[in-house]
Amino acid sequence: MNASRPDLVPDASLERDDMEALQREIAAAAAFEDDLEFDPAVLGDPLAASSSADDPPIVAGVDQSFLTNDAGDQDRALSAVVAMQGGEVIERVHAVTPLEIPYIPGLLSFREGAPILDALEELSVDPDLCLFDGSGRIHFRQAGIATHMGVVLDVPSIGVAKSLLCGSPREDVENLPEGRRVGIEANSRVDVADGTLLGYAVQTRQYDSPNRYINPLYVSPGHRVGPETAADVALALSTSYKLPEPVRLADSYADEAKRGLGE
DNA sequence: GCGACAG
DNA sequence: ATCTTGTCGC
């Protein structure tokens, strides 16, 4: 798949102010509501899937691992994509791309965006939905990596983060029961009216009982997906583990492919 | 100045 | 993100 908006591709050589300006543009171009070409209910309901006349939707998970040079610096990213359809992996691709800038909170897409786009170019199928490791709308300028990639590619996208970048949970998110979600709303650190719903803390898995618990995922709309659907999808795809299956598999594939380069 | 900060 | 064995608990 290729960029629909090459003009919005993240450019790591920009000044910080220009990066932030581009993010405001991304946010303005983003749709934080459902605009999918399939019924997201089929992702969790095999009955709905089998009764549908269409092929099941293709969902891609994307994640990165990093390669170090002789000096010990992270100089390249290995971006991995796992495409799934009806619960089966149908394609895996990856690309190794030089890194231009370090990790800066709020500017992640300028570090990892190019590697991700390189990997997605290798994909022969075209996904109906992409899941990224990181935030979507839960971002200072409402333009996390899932939103940036979604807008550039014009593909429905969702951000799946393991920790919260900004915003405020509407309730305590400690030790939530499996299946529960708690809204994350904008606060003064976010470029939108206070109280705006940015996404959800989603408890995809939880221990049955005792003295330890799993932290929730922070799920937010990237592009063309609303917050409710984003949370529904995360729950539907997190069948065996905390992470949605396409993301979990991309995560391990990123490590597997990296190891395949070494030894 | 202080605190917060995806991967 | 990454460096990494054993270990606690069901």
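Order of the sequence lines fixes the chain letters, A, B, ..., with proteins taken first and strands second; residue numbering starts at 1 for each chain.
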Is there a path of hydrophobic side-chain contacts, each under 4.5 Å between heavy atoms, that joins Val247(A) and Ile58(A)? no
Given Watson-Crick and G-U pairs under 3.5 Å, DNA chain C in dot-bracket ([ ] crossing, | other strand) is ..........
Does one side chain, of Asp35(A) or His223(A), offer a donor that lies under 3.5 Å from an acceptor on the other? no
Given Watson-Crick or G-U pairs with both distances under 3.5 Å, what dot-bracket string fits DNA chain B, with | for other-strand pairs and [ ] for crossing? .......
Give every pair of a protein N or O atom and an N or O atom of nucleotides 5-7 of chain C that lie under 3.5 Å apart, one pair per line with the distance.
none

Just how far, in rounded Å, is P of dA4(B) from CD1 of Ile184(A)? 17 Å
Please report, rounded to the nearest Å, how far the C1' atom of dC10(C) is from the CZ atom of Arg205(A). 14 Å
Leu99(A) CG to dT2(C) P, straight-line distance once rounded to whole Å: 12 Å
Using the rule that Ile, Leu, Val, Met, Phe, Trp and Tyr join whenever any side-chain heavy atoms are under 4.5 Å apart, tell me whether Val155(A) and Val81(A) fall into a single cluster. yes
Touch check for Ser65(A), heavy atoms < 4.0 angstrom, all strands: base, sugar-phosphate only, or nothing? sugar-phosphate
For Ile214(A) and dC10(C), give me the distance from atom CD1 to atom C1', rounded to whole Å. 13 Å
What is the separation between atom CG on Leu131(A) and atom P on dA6(B), rounded to the nearest whole Å? 20 Å
Assign Asp255(A) to base, sugar-phosphate, or nothing according to its heavy-atom contacts below 4.0 angstrom with the strands shown. sugar-phosphate
Please say yes or no: joined through hydrophobic side-chain contacts below 4.5 Å, possibly via intermediate residues, are Val160(A) and Met84(A) part of one cluster? no
Of the nucleotides dA6(B), dA1(C), dG7(B), which has the atom closest to the Phe66(A) side chain? dA1(C)
State which of dC5(B), dT2(C), dG7(B) makes the closest approach to the side chain of Pro105(A). dC5(B)
Using the side-chain hydrogen bond (donor to acceptor under 3.5 Å, both in side chains) rule, pick out the option among Gln206(A), Glu174(A), Gln203(A) that qualifies with Tyr213(A). Glu174(A)
Are the charged groups of Arg5(A) and Glu25(A) less than 4.0 angstrom apart, N to O? no
Classify Ile138(A) by what it touches in the nucleic acid, base, sugar-phosphate, or nothing, heavy-atom distance under 4.0 Å. nothing
Rounded to whole Å, how long is the line connecting atom CZ of Arg189(A) with atom C1' of dC2(B)? 13 Å
I want to check one thing: is the phosphate of dA1(C), taken as OP1 and OP2, less than 4.0 Å away from some side-chain N or O of Lys258(A)? no
Taken to the nearest whole Å, CG/Leu164(A) to C1'/dC5(B) is 10 Å
What is the separation between atom CZ on Arg137(A) and atom P on dA6(B), rounded to the nearest whole Å? 20 Å
Using a 4.0 Å heavy-atom cut-off across all strands, classify Gly106(A) as base, sugar-phosphate, or nothing. base
Does a nitrogen or oxygen in the side chain of Ser163(A) sit under 4.0 Å from OP1 or OP2 of dC5(B)? no
In one Ile/Leu/Val/Met/Phe/Trp/Tyr side-chain cluster, 4.5 Å: Leu153(A), Ile26(A): yes
Does the side chain of Leu165(A) reach to within under 4.5 Å of the side chain of Leu108(A), using non-hydrogen atoms? no
Determine the contact category for Tyr103(A): base if any of its heavy atoms lies under 4.0 Å from a base atom, sugar-phosphate if only primed atoms, P, OP1 or OP2 are that close, otherwise nothing. base
Side-chain H-bond candidate by donor/acceptor type, Glu228(A) with Tyr200(A), under 3.5 Å: yes
